[in-house]
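First the structure, in the form of C-alpha cells, and then the observations on it.
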Amino acid sequence: MQEFTEALPGGCLCGQVRYSLRGPALFVSQCCCKDCQKATGTGHTTIVGVHRSQLQITAGTPKTFQSRGESGGDVVRHFCGNCGGRLYTSGTLPGELIMIQAGSLDDPARVHPESVVYAKDALPWDRFDPALPRFEKLPDRGAT
Ligand SMILES: [Zn+2]
Ligand SMILES: [Zn+2]
C-alpha cells in the first residue's frame, strides 16, 4: 500500500477535467490487457487502485464508455470528452474499487508500479522492471 499524506492533483491533457486523489493507493499495476491496449493505444497502462471515495472530481465532468471486461463484468472508462485524455476506470469491481490512470496525475512519479497484470497479453516489445511480480491475469484483487 502506497501512502501519500497530501492529496495528489491530476487531470486530462486539456485541463477541462480535474481531480484530487487521496491516499493510500491500494495497489499500482502495469496492466497489459487487450482492452487497455485498445483504450490507450499503448502496450500497457499503469493503474492506481483506490476506493471510489478517495477520488474527488474538482472540475468538469468526464465522459464514459462502457464495455464488458474479460471477467464478464461491466467496465466503465472515464475520459475527457474534449481532449480524450483517460482518467480512470470503474465498474463491477469488488470493494468499490476504481483505477486511476497513473499518467493523468500531475506528478505520476509519486506512485510506483508493484506488479504486472494480464501478463499473458504483454507484447513482445514491451519491457517491465524484472523485479516486479507478473500475473497471467490478476492476483486476487480486481483490475481490468
Ligand atoms: Zn481534456
Ligand atoms: Zn487492462
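One-based numbering, in listed order, for ligands and for the atoms of each. As the structure is a prediction and not an experimental result, all values here were calculated from the model.
- Judged by distance alone, with hydrogens and angles left aside, the side-chain atoms of Gln54 form a donor-acceptor pair with the main-chain N or O of Gly23 at under 3.5 Å.
- Residues passing the side chain to side chain donor-acceptor pair (under 3.5 Å) test with Glu3: none are found, sequence neighbours excluded.
- With sequence neighbours left out, Arg52 forms a side chain to side chain donor-acceptor pair (under 3.5 Å) with Glu96.
- In summary, His44 places no N/O/S atom under 2.8 Å from the Zn ion (ligand 2), failing the contact criterion.
- Among the atoms of Cys32, no N, O or S atom falls under 2.8 Å of the Zn ion (ligand 2).
- A 6.0 Å sphere centred on CG of Leu123 holds more than 12 heavy atoms belonging to other residues, nucleotides or ligands.
- Annotation: Phe65, atom CZ; neighbour count of heavy atoms from other residues, nucleotides and ligands within 6.0 Å does not exceed 12.
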I'd like a table of donor-acceptor pairs (distance under 3.5 Å, sequence neighbours excluded) in which one partner is a side-chain atom from residues 98-106, with atom names and distances.
unit_1 : atom_1 : unit_2 : atom_2 : d
Gln101 : OE1    : Arg86  : NH2    : 2.6
Gln101 : NE2    : Thr45  : OG1    : 2.5
Ser104 : OG     : Tyr19  : OH     : 2.7
Ser104 : OG     : Gln101 : O      : 2.7
Asp106 : OD1    : Arg18  : NH1    : 3.1
Asp106 : OD2    : Arg18  : NH2    : 2.7

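- No more than 12 heavy-atom neighbours from other residues, nucleotides or ligands sit within 6.0 angstrom of NZ on Lys63.
- Listed by chain and residue number, the protein N/O/S atoms under 2.8 Å of the Zn ion (ligand 1) are Cys12 SG, Cys14 SG, Cys80 SG, Cys83 SG, with waters left out.
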